[in-house]
Amino acid sequence: MTTFADLGLSPKVLSAVTDAGYTIPTPIQAGAIPPALARRDILGIAQTGTGKTASFVLPMLTLLEKGRARARMPRTLILEPTRELAAQVAENFEKYGKNHKLNVALLIGGVSFDEQDRKLERGADVLICTPGRLLDHTERGKLLMTGVEILVIDEADRMLDMGFIPDIERIAKLIPFTRQTLFFSATMPPEIQKLADRFLQNPERIEVAPPSSTAKTVTQRLVATHSKDYEKRSVLRDLIRAQDDLKNAIIFCNRKVDVADLFRSLDRHGFSVGALHGDMDQRARTTMLANFKENKLTLLVASDVAARGLDIPDVSHVFNFDVPIHAEDYVHRIGRTGRAGRSGAAFTLVSKRDGKFVDAIEKLIDQKIEWLNGDIDALPPQAESEERPRGGRERGGRDRDRSRGRNTRGEPRAETRTETSEAQEKVEAVKAERKTEGRPQAPARNPRAANHAAPRPANDDSRDRRSRYRRDDDDGPTPLGFGDEVPAFMLIAGKA
DNA sequence: AAAAAAG
């Protein structure tokens, strides 16, 4: 059997790999490392979870030992579609490059230029970048890339989806034509093939099957629900509480606003929860992810920024709060669990309108997904007799005080409300707010509009504004267009 | 019906 020792890696790299506890390479590693070491171009078709990152990091480290360092000139460049992925690759360089004296610069957006500039001035051997920030640096004239010998384009299909290809082309023009290029993509649609043809010269093509663990070790279920968000939140809470083997979970929403909404809701219901989406500031993103990885947070509500590539080992559950619009996203999402042969569970909330998306998913994965408790048609009619479970303390919750890693300030939570006073209180709250706003004619605010996803500016914590954020949380929609005239009963729509 | 990435 092939071991890492057979692949031609340098002793320094090999010892770091051994220290990390690995002896047997994955198929993509066994296939890509030898030709990469021989300076061949690589076309790697592999998904996350196949060991793809090490398949370029390890040979790059070995090759970097051979050439000689040039003053202030990066010799390798890695392009990643998201900031988190770039950061993750940087971690890999630290881990496997611990016996090397390499300077690694992580050039991603959302953080200040200062530290990145300092690193570049000191001289970086390895650049790990998202395209926008890299171009920003080159345009500022601080970065010359004529010394780059190895270019890695990772997750090419995703780069295409995200419209990065023109940026990639521009970047490629700044790098010598004689470079070695390592090109990775999870899928190979015609556009990607064309792109690969343009970027690669006589590449070694390595294709590995998607990790088989995905379909086999993950228990997948559909969960019927009505389409209103508060119904879905309630169903989700029940579902989470019903899991007795839940260690940690990612909950996916299709939209950033819904990530923010659901995060606030679960937080207020006492769950240990974080959020991750692309409109959050980078510090919050980083802390959230770190806290989740360290198990300081049990649940992570996320957009598809977290669907692909992020290496979060050992997620026991995935919940799809929304059915993904594109079937491939479903595969990526549930690929967050059941990794490395572990078992996992994936639940997808489905309402009537999601039917065609579910069909597309079942077609793509070529299997029917079972319903948990009967399908949509077996669902009792909307809400009528259903008591939505409420109340402060939940099983999933830990300390109420955790405010770590959030960009909202800690504040006492209204958790002592009782079921009976709740409706009345809500009516009062809405009336009070209208008064303080001094705009009696203004239409009642749609909760979704108030719950915008972008983090609030740090200095914005006026009371009335906060109460507006708080009020709407879980209580269903406020009807639009009634001005001050909304009948009280309508403010508790969905409860009655 | 979306997300992501440069500010």
Side-chain angles (χ1 to χ4, degrees), chain A residues 48 78-89 106-114 116-117 127-143 153-171 185-186 227-229 232 250-263 275-286 288-289 300-310 320-333 336 348-361 448 452-455 457:
Chain A
T48 317
I78 300 169
L79 296 172
E80 295 288 337
T82 69
R83 299 167 186 173
E84 278 77 10
L85 273 174
Q88 194 173 287
V89 172
L106 178 62
L107 307 182
I108 59 175
V111 295
S112 107
F113 279 94
D114 297 350
Q116 296 178 3
D117 281 342
L127 302 181
I128 304 170
C129 319
T130 47
R133 181 54 72 95
L134 175 66
L135 284 170
D136 222 341
H137 276 284
T138 60
E139 277 157 17
R140 285 153 29 114
K142 295 228 169 176
L143 178 57
I153 299 169
D154 198 13
E155 305 258 336
D157 50 352
R158 199 168 175 205
M159 299 261 205
L160 179 79
D161 286 349
M162 291 164 67
F164 282 167
I165 300 306
D167 285 351
I168 304 290
E169 310 243 19
R170 280 175 63 204
I171 291 165
S185 187
S227 61
K228 297 279 188 238
D229 278 358
K232 291 171 76 175
I250 305 182
I251 304 163
F252 286 103
C253 299
N254 285 356
R255 298 185 309 176
K256 289 177 285 198
V257 274
D258 295 328
V259 171
D261 279 0
L262 183 56
F263 162 68
L276 187 69
H277 66 71
D279 277 355
M280 289 164 49
D281 70 71
Q282 190 56 37
R283 269 192 59 193
R285 281 168 70 164
T286 309
M288 284 295 183
L289 193 58
L300 184 70
V301 187
S303 69
D304 279 313
V305 69
R308 306 190 199 194
L310 284 192
N320 288 313
F321 187 72
D322 301 307
V323 181
I325 294 163
H326 293 299
E328 321 86 77
D329 287 332
Y330 177 84
V331 179
H332 288 293
R333 288 180 182 185
R336 303 289 91 202
T348 302
L349 302 197
V350 181
S351 66
K352 271 223 166 69
R353 62 174 82 163
D354 300 322
K356 59 174 181 284
F357 299 119
V358 174
D359 292 346
I361 290 166
R448 268 186 211 79
H452 63 69

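Note that the structure is predicted; figures quoted are calculated from it, not measured. All chains are named by letter (A, B, ...) in the order of the sequence lines, taking the proteins before the strands, and each is independently numbered beginning at 1. Side-chain atoms are counted along with the backbone in the values below, which use heavy atoms only and exclude waters and symmetry mates.
Atom pair A:I325:CD1 and B:dA4:P shows a separation of 13 Å (rounding to whole Å applied). A:L107 has its CG atom 12 Å from the P atom of B:dG7, to the nearest Å. A straight line from CG of A:L134 to P of B:dA6 spans 10 Å, rounded to a whole angstrom. Residue A:E328 contributes atom CD, which lies 17 Å from atom P of B:dA4 at whole-angstrom precision. Atom CG of A:D329 is separated from atom C1' of B:dA2 by 9 Å (rounded to the nearest Å). Taking atom NE2 of A:H332 as the reference point, atom P of B:dA3 lies 17 Å away to the nearest angstrom. Across the protein-nucleic acid pair, A:D167 atom CG and B:dA6 atom C1' stand 9 Å apart, rounded to whole Å. In this structure, CD of A:E84 is placed 11 Å from C1' of B:dA5, rounded to the nearest angstrom.
Annotation: cation-pi pair A:R158/A:F164 absent, no NZ/CZ under 6.0 Å from the ring centroid and within 45° of its normal.
One finds no side-chain N or O of A:R158 lying less than 4.0 angstrom from the OP1 or OP2 phosphate oxygen of B:dA5. Side-chain N/O atoms of A:T82 include none lying less than 4.0 angstrom from OP1 or OP2 on B:dA5. Contact check, A:K356 against B:dA1: no side-chain N or O comes under 4.0 Å of OP1 or OP2. For the OP1/OP2 pair of B:dA6 and a distance below 4.0 Å, the side-chain nitrogens and oxygens of A:T130 include at least one atom meeting the criterion.
At the heavy-atom level, A:R83 lies under 4.0 Å from the strands shown only through sugar-phosphate atoms. A:R285 comes within 4.0 angstrom of sugar-phosphate atoms only, judged by non-hydrogen atoms across all strands, and of no base. Residue A:G110 is in sugar-phosphate contact alone, with no base atom involved, counting any heavy-atom pair closer than 4.0 Å across all strands shown.
With hydrogens and angles ignored, the 3.5 Å screen pairs a side-chain donor or acceptor of A:K232 with a backbone N or O of A:F321. A donor-acceptor pair is defined here as one N or O able to donate and one able to accept, closer than 3.5 Å; such a pair exists between the side chain of A:S303 and the backbone of A:V305. A donor-acceptor pair under 3.5 Å is formed between the side chain of A:Q116 and the backbone N or O of A:I108.
Nearest nucleotide to the A:R255 side chain, out of B:dA4, B:dA6, B:dA2: B:dA2. Distances were taken from every side-chain heavy atom of A:F164 (C-beta onward) to each of B:dA1, B:dA6, B:dA5; the shortest belongs to B:dA5.
Side-chain atoms of A:H277 and base atoms of B:dA4 include no donor and acceptor less than 3.5 Å apart.
Under the side chain to side chain donor-acceptor pair (under 3.5 Å) criterion, A:E80 pairs with no residue, sequence neighbours left out.
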